[in-house]
Undergrad: 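Starting off with a structure, shown below.
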Amino acid sequence: MINITFPDGSVRQFEKGITSLAIAKSISEGLAKKILVAEVGGKIWDATRPLQEDASLKLLTWNDAEGKSTFWHSTAHLMAEAVESFFPNVKFWVGPAVDNGFYYDMDLGDRKMTEDELQSLEKKMNELVKLNSSFIRKEISKEQAIIFFAEKGDEYKLDLLQNLSDGEITFYSQGNFTDLCRGPHLPSTGIIKAIKLTTIAGAYWKGDEKNKQLTRVYGVSFPSQKELDEHLLMLEEAKKRDHRKLGKELGIFTMDDEVGPGLALWMPNGTILIDELENLAKQTEKEAGYKRVVTPHIAKESLYLTSGHLPYYQDSMYPPMELEGQKYYLKAMNCPHHHKIFSAEPKSYKDLPLRLAEYGTCYRYEQSGELFGLMRVRCLHMNDAHIYCTKDQFYDEFRAVNEMYLKYFKIFGIEKFVMRLSLHDSAKLGKKYVNEAALWQETETLVRDVLIKTNTPFVEVQDEAAFYGPKIDVQIWSTIGKEFTLATNQVDFAQGLRFNLQFTNSENKPETPLIIHRAPLGTHERFIGFLLEHYAGKFPTWLAPVQVKVLPISDKFLDYSNYVTSLLKKADIRAEVDDRSEKIGKKIRDTEIMKVPYMLVIGEKEVNEKQVAVRRQGKGDMGVKSVEDFLKEILDEIKNRKTD
RNA sequence: GCCGUUGUAGCUCAGUGGUAGAGCACUUCCUUGGUAAGGAAGAGGUCGUGAGUUCGAUUCUCAUCAACGGCUCCA
């Protein structure tokens with residue numbers, strides 16, 4: 001007998017060799033049906049794997065993350081079995097569970113798979129589900145495993161085996177399909193009730209574009225059709241928040257074939273958003289002691305050779321134009337220009353910290369496949385600034401920048417983000433990163449200290465730094481789940497030297513400043529794209545392109561409506577009258593769809609009593625009040641940039 | 001850049017080897033209506049672009065451009 005400890009602390013005895021599934025059955029049949037996998041002594045095991053010794057046991061279902069991922073991983077195996085029946089010579093790479101489903105990478109040889117074939121694959125998978133084959137785990141020696149895959153001529157699995165040794169190699173089989181797999185898996189295929197293969201994509205082997213491209217099929221599966229339907233519905237809902245859709249509907253931006261890919265045209269409504277963001281940035285930066293500068297969109301090649309950008313990023317820059325025997329590049333970053341402003345006049349330590357700010361226009365030749373609405377474009381307006389400071393000043397400056405980020409995020413109500421401390425990879429010194437090992441160590445420690453001492457939660461990642469220093473990136477997710485860097489705060493110990501930037505220190509000696517690159521509001525493009533999704537198009541009043549729509553109930557009340565509108569406009573409120581000869585219901589509907597925060601309904605009663613009937617977008621009738629009271633309230637809301 | 005998909009009116013989408021249709025939006029007229037769509041008429045497209053097959057292409061083939069879903073990349 002063995003002792004099994006349950007999560008509530010209770011201990012029960014079972015026959016040695018009993019499975020988690022059998023234990024579940026002994027509790028209730030209903031529970032047994034829900035068990036997907038088990039946590040045994042802290043490790044995730046097949047529910048069908050015999051327990052040989054005393055252990056703690058947690059039975060995991062669809063509601064546990066490990067339950068879900070096992071469910072999806074097993075579906076990937078099921079898909080592989082189906083693929084093998086259509087493509088007998090297929091070779092598989094890996095088939096993991098991901099955030100929202102699973103994929104399997106495979107080499108189909110000369111064959112191509114098209115999306116039409118996904119349906120037949122799904123059909124085949126559903127047939128296999130009906131067979132309800134058990135997933136069978138088998139421990140195997142490395143030698144046997146190598147023989148097995150060598151016979152199949154499967155170089156991919158042989159490659160995986162290289163990094164494995166005896167004792168940690170297992171095969172899993174279901175039906176006619178056997179795969180090298182660490183597991184665990186579901187008890188049997190019959191549990192997978194609803195399957196949707198979503199997309200087919202190319203994926204480079206081991207994620208390296210120099211390697212062969214494998215065929216990747218994505219899918220998702222659920223324990224019931226109802227859950228699959230709900231999932232698909234949720235995806236539909238997410239699409240409604242997509243900034244590309246909202247951007248078009250609300251007249252924010254447009255793209256045009258003739259202008260070029262990734263080159264957004266800002267329409268009047270979008271430009272209002274830009275103006276408001278710039279006002280916020282100017283106000284905030286002024287208070288924080290920044291000075292504004294303006295620099296050209298192009299510069300000579302030598303500037304980017306000095307900065308060191310060209311050897312690292314030439315592929316991401318538009319090709320140069322040649323004029324008067326000189327190569328000129330469209331600028332992809334503002335820093336070199338700002339450095340030149342720094343060095344234009346001699347600097348003393350008394351001039352530091354010097355904070356130069358610019359909403360700089362940059363052009364980056366992003367690969368065509370990378371472009372994505374406003375989130376990834378080729379012309380961008382960066383909320384850029386460079387802070388030149390001494391080593392002693394660095395901590396306070398970096399900290400102040402960090403605080404500025406958090407202040408902004410509070411204004412916008414941005415809560416779902418991750419601060420990512422992006423570090424270098426010492427193996428890539430001299431290649432991806434400037435070759436200054438000691439400086440890397442020093443500044444990375446400094447930046448980490450700021451985060452720790454200010455109690456800012458963060459994650460650390462290797463090999464994500466800028467070429468000139470470590471950085472803190474703020475990661476956000478678009479409504480369809482893509483991850484983006486919204487804002488960035490970077491240390492630069494390299495460019496100061498490269499540009500020979502100097503200040504005279506208190507001992508009358510020349511010294512090179514440290515530089516902080518920061519862009520808390522990121523770029524207009526990405527930030528507004530993000531805000532569109534964040535607010536689902538329902539901007540707070542201070543940002544809304546139209547803040548108030550005045551809606552006369554009939555043409556008879558147009559004079560008073562125009563009068564009210566003129567009062568609002570005088571108070572610098574973005575107000576418009578809907579003077580169409582439409583019914584009030586229609587006017588309200590159209591205004592609601594355009595997500596205008598306030599509607600003022602004006603009829604006979606309001607004219608007689610010199611009032612307005614206030615309607616709030618999404619909330620309905622808020623009652624009647626005087627124009628003066630309404631003005632006072634909305635001005636307060638705008639001035640304080642209230643979120644609601 | 002690579003793999004896959006798509007491209008028809010401003011938007012959402014039907015459709016066909018024989019020179020195109022709906023709803024909404026738009027224009028005009030009627031209507032002057034109290035909190036999410038009043039009625040009628042009208043205008044609007046060389047079916048992404050280029051070539052090929054064909055008596056004839058928006059439809060079939062190829063190329064190209066762009067967008068979308070991924071991969072890679074992201075200063």
Side-chain angles (χ1 to χ4, degrees), chain A residues 98 103 105 108 112-118 198-218 239 242 244-245 248-249 254-258 260-262 304 307-310 312-313 315-317 331-336 362 364-373 375-377 380 382 384 432 464-469 471 473 480-485 488 490 492 495 517 519 526 551-558 581-593 599-606 613-622:
Chain A
V98 286
Y103 67 80
D105 281 351
L108 297 171
K112 298 260 178 189
M113 195 187 285
T114 63
E115 272 179 16
D116 296 343
E117 291 173 281
L118 292 185
T198 45
T199 183
I200 184 163
Y204 299 107
W205 185 44
K206 296 186 177 179
D208 187 338
E209 65 180 327
K210 291 186 200 78
N211 285 340
K212 179 169 182 174
Q213 194 165 58
L214 305 176
T215 302
R216 174 175 295 182
V217 178
Y218 281 91
K239 274 190 194 161
D242 192 311
R244 293 166 295 186
K245 186 173 162 61
K248 189 178 256 307
E249 287 169 0
T254 187
M255 301 275 196
D256 187 281
D257 273 9
E258 206 166 5
Y304 304 112
S307 72
H309 281 100
L310 265 184
Y312 290 96
Y313 297 112
D315 289 348
S316 303
M317 293 176 76
K331 74 172 166 184
M333 64 295 294
N334 305 301
C335 32
C362 298
R364 298 180 179 181
Y365 184 63
E366 305 283 0
Q367 289 188 46
S368 59
E370 257 66 84
L371 301 175
F372 178 73
M375 304 294 251
R376 194 77 183 272
V377 290
L380 43 103
M382 213 191 301
D384 212 356
K432 189 173 170 186
E464 289 287 346
F467 78 88
Y468 43 66
K471 56 179 180 170
D473 293 322
I480 61 166
K482 275 178 184 279
E483 181 177 347
F484 288 96
T485 300
T488 183
Q490 314 181 342
D492 180 355
Q495 286 197 57
H517 303 233
R526 192 170 284 179
L551 309 178
I553 283 174
S554 91
D555 295 350
K556 290 181 208 153
F557 315 116
L558 255 176
S581 299
E582 291 289 351
K583 296 177 84 167
I584 191 66
K586 169 78 165 167
K587 291 182 181 180
I588 286 172
R589 181 184 150 78
D590 290 348
T591 314
E592 285 278 348
I593 288 171
M599 284 156 261
L600 300 182
V601 177
I602 288 176
E604 191 169 6
K605 211 173 113 222
E606 286 72 25
V614 181
R615 186 189 161 100
R616 190 78 164 86
Q617 200 274 341
K619 289 185 181 154
D621 197 343
M622 309 292 279

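It should be emphasised that the depicted structure is a prediction, and the values quoted were computed from it without experimental measurement. Just so it is clear: chains get the letters A, B, ... in the order the sequence lines come, proteins before strands, and each one is counted from 1.
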Undergrad: Give the rounded distance in Å between these two atoms: CG of A/Leu214 and P of B/rU72.
TA: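 My rounded result for the distance is 12 Å.
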
Undergrad: C1' atom, B/rC11 versus B/rC2: distance in rounded Å?
TA: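 The answer is 32 Å between these two C1' atoms.
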
Undergrad: Watson-Crick or G-U wobble partner for B/rG4, using a 3.5 Å limit on both distances?
TA: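 Check on B/rG4: paired to B/rC68, both distances under 3.5 Å.
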
Undergrad: Decide yes or no, distance alone: a donor-acceptor N/O pair under 3.5 angstrom between the base of B/rU72 and the side-chain of A/Glu370.
TA: yes

Undergrad: Once you apply a heavy-atom cut-off of 4.0 Å, does A/Thr114 come out as touching a base, just sugar-phosphate, or nothing?
TA: sugar-phosphate

Undergrad: Round to a whole Å and report the spacing from NZ of A/Lys245 to P of B/rG69.
TA: 14 Å

Undergrad: Can you find a side chain N or O atom of A/Lys206 that sits less than 4.0 Å from OP1 or OP2 on B/rC71?
TA: no

Undergrad: Suppose we define a pair by two distances each less than 3.5 Å, Watson-Crick or G-U wobble; what does B/rA14 pair with here?
TA: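 Base partner found: none.
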
Undergrad: Please work out if A/Met255 contacts a base, only the sugar-phosphate, or nothing of the nucleic acid, heavy-atom cut-off 4.0 Å.
TA: nothing

Undergrad: Hey, does A/Gly373 reach any base, or is it just sugar-phosphate, or nothing, if we go heavy atoms under 4.0 Å?
TA: sugar-phosphate

Undergrad: Rounded to the Å, how far apart are A/Leu371 CG and B/rC71 P?
TA: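 That distance rounds to 15 Å.
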
Undergrad: For A/Arg364 and A/Val601, take the nucleotide of RNA chain B holding the closest heavy atom to each; which residue's nucleotide lies nearer the 5' end?
TA: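 The residue mapped nearer the 5' terminus is A/Val601.
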
Undergrad: Which value, in whole Å, describes the distance between the C1' atoms of nucleotides B/rU59 and B/rG23?
TA: 24 Å

Undergrad: Between B/rA43 and B/rU27, how many Å separate the two P atoms, rounded to a whole number?
TA: 16 Å

Undergrad: Taking atom C1' in both B/rA25 and B/rC60, what distance in whole Å separates the two?
TA: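 Their C1' atoms lie roughly 35 Å apart.
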
Undergrad: Determine whether any donor atom in the side chain of A/Arg216 lies under 3.5 Å from an acceptor atom in the base of B/rC71, or the reverse, and answer yes or no.
TA: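 When only heavy-atom distances are counted, A/Arg216 does not reach the base of B/rC71 through any donor-acceptor pair under 3.5 Å.
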
Undergrad: Could you please name the partner base of B/rA57, counting Watson-Crick and G-U wobble pairs only when both distances are under 3.5 Å?
TA: none

Undergrad: Ignoring hydrogens and angles, answer whether the base of B/rC73 and the side-chain atoms of A/Arg376 contain a donor-acceptor pair closer than 3.5 Å.
TA: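 Counting by modelled atom types and ignoring angles, a donor-acceptor contact under 3.5 Å is found here.
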
Undergrad: Any donor-acceptor pair under 3.5 Å joining the side chain of A/Tyr204 to the base of B/rG1?
TA: yes

Undergrad: Taking only N and O in the side chain of A/Tyr313, is any of them less than 4.0 Å away from OP1 or OP2 of B/rC74?
TA: no

Undergrad: Using whole Å, report how far CD of A/Gln367 lies from P of B/rC73.
TA: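 The distance from CD of A/Gln367 to P of B/rC73 comes to 9 Å, rounded to the nearest Å.
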
Undergrad: Taking B/rC73 as the reference, what is the distance to B/rG10 when you measure between their P atoms (whole Å, please)?
TA: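 Comparing P positions in B/rG10 and B/rC73 gives a spacing of 40 Å.
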
Undergrad: For the base of B/rC74, is there a side-chain donor-acceptor partner from A/Glu366 under 3.5 Å away?
TA: no

Undergrad: Using atom NZ of A/Lys605 as one end and atom P of B/rU35 as the other, report the distance to the nearest whole Å.
TA: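 That distance rounds to 11 Å.
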
Undergrad: Without decimals, in angstroms, what is the distance between A/Leu558 CG and B/rG33 P?
TA: 14 Å

Undergrad: Checking only heavy atoms, does the side chain of A/Glu604 share a donor-acceptor pair with the base of B/rG33 at less than 3.5 Å?
TA: no

Undergrad: On a whole-Å scale, what distance lies between the C1' atoms belonging to B/rG17 and B/rU64?
TA: 24 Å

Undergrad: What's the closest nucleotide to the A/Ser554 side chain, out of B/rA75, B/rG33, B/rC2?
TA: B/rG33

Undergrad: Using both distances under 3.5 Å as the test, list the Watson-Crick or G-U wobble partner of B/rA9, or none.
TA: none

Undergrad: Please evaluate the base of B/rC74 for a donor-acceptor partner in the side chain of A/Glu483 within a cut-off of under 3.5 Å?
TA: no

Undergrad: Looking only at the side chain of A/Ala613 (C-beta and beyond, no hydrogens), which of the listed nucleotides B/rU35, B/rA36, B/rA67 gets closest?
TA: B/rU35

